[in-house]
**Student:** 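The structure under discussion is supplied below as structure tokens; questions concerning it will follow.
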Amino acid sequence: MNITLPDGSVRVFDGPLSGEALAADIGPGLAKAAIALRIDGEMKDLKTVLDTDTTVEIVTNREESDDVLELIRHDAAHVMAEAVKELYPETQVTIGPAIENGFYYDFARDKPFTPEDLEKIEQRMHEIVDRDESIDREEWDRDEAVKFFEGQGEKYKAEIIGSIPADQPIGIYRQGEFQDLCRGPHLPSTKKLGHAFKLMKLAGAYWRGDSKNEMLQRVYGTAWRNEKELKAHLHRLEEAERRDHRKLGKEMDLFHMQEEAVGMVFWHEQGWTLYRTLENYIRHKLELADYKEVKTPQLVDRKLWEDSGHWDKFRENMYTTESEERTFALKPMNCPCHVQIFNQGITSYRDLPLRMAEFGSCHRYEPSGALHGIMRVRGFTQDDAHIFCTEDQITSETETFCELLLDIYKDFGFTEVKVKFSDRPETRAGDDAIWDKAEGSLKEAVEATGLSYTLNPGEGAFYGPKLEFVLTDAIGRDWQCGTLQVDFVLPERLKASYIGEDGAKHRPVMLHRAIFGSMERFIGILIEEYAGRFPLWLAPTQLVVATITDEADEYAREVLAKAAKLGLRGKLDLRNEKINYKVREHSLAKVPALLVAGRRESEEGTISVRRLGDKHQKVMSLDEALAQLAEEAAVPGSR
RNA sequence: GCCGCCGUAGCUCAGGGGUAGAGCACUCCCUUGGUAAGGGAGAGGUCCGGAGUUCAAAUCUCCGCGGCGGCACCA
């Protein structure tokens, strides 16, 4: 039998042998480091018996690959389950996969785990690693396996086996006294896991991800190749905490939220300045892209929502109020209102595509558990627009939109954007023929843009399929910001029409689209992206003029006035404090430019400029310094 | 909405059945200082809300509300 190694060398053996034996045959160092095999690019147990001529790569714990991390994390989950079964035998185990940065395992148990329990479990995991238990795969008969797990009181495991397709083997991995249903692969023994893991948090999770099912207890952990990587990961988490938009929002006096208006933002002057800067920026972009801005009512009779289909599907999530014996709803979306504008008068095909934009203030009664800072709120403003167009225009409008979106994201440094394609959900409006058409044209359109995207099955809006443009926050959570949705349904339900070239009435298609998504969410993302250190054009306070002595007060006022004339947003700091104190304070407040004026500057007409993050300052002529700042502060796309 | 943890001064947090604590911030006074905290004094609290246990509750119990982490949801 010939075994070929990745370097091309061939080893000849008389009979079958395990990967472990192969590694030992090559060398003791390799045998020690070996943790798995890779055959045809696929990870296999190190103990897999090789019995035909094949090419085999021996994977070691030094390999820096996602495969290795996944293997380690999956084993960590198993070791955790073993520890839990030893400490709390009445607990049932369910599933425990590897995830990004770590792993989790879901347990079923009446008593909740406490943080102290976590410590004990982690301690026991280290012991299990030190025990160096051999991990061995067996294949069991399906009925026998079900009987075994039921006998152990493990009803979840038995249920999982029932859902494994009949043609797939039932793999059971055994380590010590612990046996778990698993596809594998796994490490050859618990010792190979090492000690670079840590249990992180406790959380609830529904069995099979369905809120109708019972809630299990999920324990999250992180696991790495070695201590150094673990430490680096923990350090990254700490860093991320410092960027949290909720923390920075408070520190930088941007906004606050309070009990009397849960899920709604109180914008303070600083935050509102940032908000307006963004709004003006994108308004200008939309004007250039031939959008027409409108404004529609926030409170609209339920009849319109019944007609649009929202009342049917989202009634529970809409705020309503009674007046004049009628029921009104705070608008959760702008689209039905935009159709009302479209429906005024008669539209010709010559008017299409018609791009109707609105900074629409919307309210949705979001589940309390969904709220998160200003990223997920109940009152928000969409940079919304609806493009009324013909079917033929869907592709070109999609391409134009994607171009605009990427151009805008680039101005904020977002160059890597995840794109998801979400198709028809289970409950939806419109028949299958319409959905076929909508999905087909969106697919064609996104292919035309050349963007790479992933499929998100069943996640579309009730009226149409959508593209989602996803950005990531400081600690790696994904947030949908931009979106483009193809809608054949609402124009039908709300009876939108235009006169075609043939003189007959036709239904337009609606493209729902947003770039920031919600102003609130996008600002949250920006705060975390920049860690509060905004580029000059976005910074609410762009500069502070600080004096060294009160002899410079008058000059400082002149400096600020000149800056204001150039459109720069500045503040004055004439306080009776030392310059060290002022420098420290404004640096901590993340003010991008500190202009220091002392007696010297006021006499010479100069200014000492200290930029945020710099260790040193630069004395320049006042006019030159201000001109430079004004140029840097220009809004992207404004020149 | 569900599970777990948490709620003390403007902020960050300590304390814990018997008079409410610190640092920073704030106010006033001294200091006019050259690039990340000059010195002194002072003011500041429904210990999230309600009920219960107790001679006595910020502290223990229960019920709310809110926050945080997940899950579910996200037109």
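Lettering follows sequence order; numbering is per chain, from 1. The basis for the numbers below is simple: all heavy atoms, side chains too, and nothing from hydrogens, waters or symmetry mates. Everything numeric here is computed off the predicted structure, so don't read it as measured data.
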**Student:** Return yes if the base of A75(B) and the side-chain atoms of Arg428(A) contain a donor-acceptor N/O pair under 3.5 Å, otherwise no.
**Tutor:** no

**Student:** Taking only the side-chain nitrogens and oxygens of Arg610(A), find out if one of them lies under 4.0 Å from OP1 or OP2 of A36(B).
**Tutor:**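 Answer is yes, contact under 4.0 Å.
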
**Student:** Report which part of the nucleic acid Arg218(A) touches: base, sugar-phosphate, or nothing (heavy-atom distance under 4.0 Å, all strands).
**Tutor:**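 Result for Arg218(A) = sugar-phosphate.
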
**Student:** Using atom C1' in both nucleotides, what's the gap between U8(B) and A20(B) to the nearest angstrom?
**Tutor:**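 Between the two C1' atoms, the distance is 9 Å.
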
**Student:** Contact class for Asp210(A) vs. all strands (heavy atom < 4.0 Å): base, sugar-phosphate, or nothing?
**Tutor:**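 It contacts nothing in the nucleic acid.
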
**Student:** As a test of reading the structure: which of A75(B), A37(B), G34(B) is closest to the side chain of His310(A), going by heavy atoms?
**Tutor:**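 Given the options A75(B), A37(B), G34(B), the side chain of His310(A) is closest to A75(B).
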
**Student:** Considering only the C1' atoms, how many Å lie between G34(B) and G67(B), rounded to the nearest integer?
**Tutor:** 45 Å

**Student:** Determine, using ring centers only, whether Phe255(A) and His268(A) are less than 6.0 Å apart.
**Tutor:**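 Here the rings of Phe255(A) and His268(A) have centres that are no less than 6.0 Å from each other.
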
**Student:** Please name the nucleotide paired to U61(B) by Watson-Crick or G-U wobble geometry with both distances under 3.5 Å, or report none.
**Tutor:**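 A51(B) - that is the nucleotide pairing with U61(B), both distances being under 3.5 Å.
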
**Student:** Measuring only the C1' atom in each nucleotide, how far is G7(B) from A75(B)? A whole number of Å is fine.
**Tutor:** 34 Å

**Student:** Rounding to an integer number of angstrom, what distance separates A14(B) and A9(B) when you compare their C1' atoms?
**Tutor:**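 Each nucleotide's C1' atom is 13 Å from the other's.
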
**Student:** Just name whichever nucleotide pairs with G4(B), Watson-Crick or G-U, keeping both distances under 3.5 Å, else none.
**Tutor:** C68(B)

**Student:** Which part of the nucleic acid does Arg477(A) contact within heavy-atom distance under 4.0 Å: base, sugar-phosphate only, or nothing?
**Tutor:** sugar-phosphate

**Student:** Could you check whether atom NZ of Lys247(A) has more than 12 heavy atoms from other residues, nucleotides or ligands sitting under 6.0 Å from it?
**Tutor:**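 Atom NZ in Lys247(A) is not packed in, count stays at 12 or less.
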
**Student:** Taking the minimum atom-to-atom distance to the side chain of Pro367(A), which one of G1(B), G69(B), C74(B) wins?
**Tutor:** G1(B)

**Student:** What's Asp550(A) touching, base or sugar-phosphate or nothing? Going by heavy atoms closer than 4.0 Å.
**Tutor:**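 It contacts base atoms.
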
**Student:** Considering every strand shown, what is the Watson-Crick or G-U wobble mate of A37(B) when both distances are under 3.5 Å?
**Tutor:** none

**Student:** Mark this stacking check for Tyr581(A) against A37(B) as yes or no, applying ring centres under 5.5 Å and ring planes under 30°.
**Tutor:**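 So no, this residue does not stack on that base, at least one cut-off failing.
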
**Student:** G70(B), OP1 or OP2 - any side-chain N/O from His372(A) closer than 4.0 Å?
**Tutor:** no

**Student:** What nucleic acid atoms does Arg376(A) come within less than 4.0 Å of, heavy atoms only: base, sugar-phosphate, or nothing?
**Tutor:**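 Since a base atom lies under 4.0 Å of Arg376(A), the category is base.
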
**Student:** Rounding to an integer number of angstrom, what distance separates A57(B) and U19(B) when you compare their P atoms?
**Tutor:**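 12 Å, rounded to whole Å.
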
**Student:** Provide the distance between the two P atoms, one in A22(B) and one in G44(B), to the nearest whole Å.
**Tutor:** 14 Å

**Student:** Could you tell me if the ring centre of Tyr105(A) sits under 6.0 Å from that of Phe107(A)?
**Tutor:** yes

**Student:** Report yes or no: is the cationic atom of Arg376(A) (NZ for Lys, CZ for Arg) under 6.0 Å from the centre of the six-membered ring of Trp479(A), at an angle within 45° of the ring normal?
**Tutor:**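 Cation-pi check for Arg376(A) and Trp479(A): fails.
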
**Student:** Looking for any heavy atom pair under 4.0 Å, which part of the strands does Leu588(A) touch: base, sugar-phosphate only, or nothing?
**Tutor:** base

**Student:** Please determine if Lys303(A) and Asp301(A) form a salt bridge, counting it only when a charged side-chain N lies under 4.0 Å from a carboxylate O.
**Tutor:** no

**Student:** Does any N or O donor sit under 3.5 Å from an N or O acceptor when you compare the side chain of Arg208(A) with the base of C71(B)?
**Tutor:**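 Donor-acceptor pair under 3.5 Å: no.
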
**Student:** Both Met318(A) and Asp614(A) contact RNA chain B. Taking the nearest nucleotide for each, which residue is further toward the 5' end?
**Tutor:** Asp614(A)

**Student:** Applying a 4.0 Å non-hydrogen cut-off, can you work out what Lys466(A) is touching in the nucleic acid: base, sugar-phosphate, or nothing?
**Tutor:**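 Sugar-phosphate contact only - Lys466(A) comes under 4.0 Å of backbone atoms but never of a base.
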
**Student:** From the options G34(B), C73(B), G4(B), select the nucleotide whose nearest atom is closest to the side chain of Ala370(A).
**Tutor:** C73(B)

**Student:** Could you tell me how far G10(B) sits from C26(B) if I compare only their C1' atoms? Round to whole Å.
**Tutor:** 8 Å

**Student:** Under 4.0 Å, counting only non-hydrogen atoms across every strand here, what does Tyr104(A) touch: a base, just sugar-phosphate, or nothing?
**Tutor:**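 Here Tyr104(A) touches no strand at all.
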
**Student:** Distance check: side-chain N/O of Ser368(A) vs OP1/OP2 of G1(B), anything under 4.0 Å?
**Tutor:** yes

**Student:** Picking from G66(B), G34(B), U35(B), which would you name as closest to the side chain of Val262(A)?
**Tutor:** G66(B)

**Student:** So what does Pro332(A) touch, heavy atoms closer than 4.0 Å: a base, only the sugar-phosphate, or nothing?
**Tutor:** base

**Student:** Using a cut-off of 4.0 Å on non-hydrogen atoms, how would the nucleic acid contact of Lys250(A) be classed: base, sugar-phosphate, or nothing?
**Tutor:** sugar-phosphate

**Student:** Look at all strands and tell whether Glu251(A) reaches a base, only sugar-phosphate, or nothing, counting heavy atoms closer than 4.0 Å.
**Tutor:** nothing

**Student:** So, are Glu90(A) and Lys111(A) salt-bridged, with charged N and O less than 4.0 Å apart?
**Tutor:**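 So Glu90(A) does not pair with Lys111(A) through a salt bridge.
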
**Student:** Does A75(B) have a Watson-Crick or wobble partner in any strand here, with both distances under 3.5 angstrom, and which is it?
**Tutor:**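 With both distances under 3.5 Å required, A75(B) matches none.
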
**Student:** Just checking Glu269(A): does its CD atom have more than 12 heavy atoms from other residues, nucleotides or ligands closer to it than 6.0 angstrom?
**Tutor:**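 Not more than 12 within 6.0 Å, no.
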
**Student:** On the ring face of Tyr88(A), is Arg109(A) found with NZ or CZ under 6.0 Å from the centre and within 45° of the axis?
**Tutor:** yes

**Student:** Is Arg246(A) near enough to C68(B) that one of its side-chain N or O atoms lies under 4.0 angstrom from OP1 or OP2?
**Tutor:** yes

**Student:** Would you kindly give the CG-to-C1' distance between Asn213(A) and C2(B), to the nearest whole Å?
**Tutor:** 12 Å

**Student:** Please tell me if Asn580(A) has a side-chain N or O lying less than 4.0 Å from either OP1 or OP2 of A36(B).
**Tutor:**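 Indeed, a polar side-chain atom of Asn580(A) lies that close.
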
**Student:** Hunt down the Watson-Crick or G-U wobble partner of C26(B), both distances under 3.5 Å, from any strand shown, or write none.
**Tutor:**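 Matched C26(B) with G42(B) under the 3.5 Å cut-off.
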
**Student:** Does Glu358(A) come within less than 4.0 Å of Lys331(A), counting only side-chain N to carboxylate O?
**Tutor:** yes

**Student:** Is Ala203(A) touching bases, backbone alone, or none of the nucleic acid, heavy atoms closer than 4.0 Å?
**Tutor:** base

**Student:** Within this structure, what is the CG-to-C1' distance between Asn317(A) and A72(B), rounded to whole angstrom?
**Tutor:** 13 Å

**Student:** Across all strands, who's sitting opposite C13(B) as a Watson-Crick or G-U wobble pair, both distances under 3.5 Å?
**Tutor:** G21(B)

**Student:** Look at all strands and tell whether His512(A) reaches a base, only sugar-phosphate, or nothing, counting heavy atoms closer than 4.0 Å.
**Tutor:** nothing

**Student:** C1' atom, G15(B) versus A58(B): distance in rounded Å?
**Tutor:**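 Approximately 10 Å lies between the C1' atom of G15(B) and that of A58(B).
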
**Student:** On RNA chain B, compare the nucleotides closest to Met215(A) and Tyr220(A); which residue's is nearer the 5' end?
**Tutor:**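 Nearest nucleotide further toward 5': that of Met215(A).
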
**Student:** So for Tyr206(A) and G70(B), does any side-chain atom that can act as donor or acceptor lie under 3.5 Å from a complementary atom in the base?
**Tutor:**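 Side chain to base: no pair present.
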
**Student:** Is Gly209(A) touching bases, backbone alone, or none of the nucleic acid, heavy atoms closer than 4.0 Å?
**Tutor:** sugar-phosphate

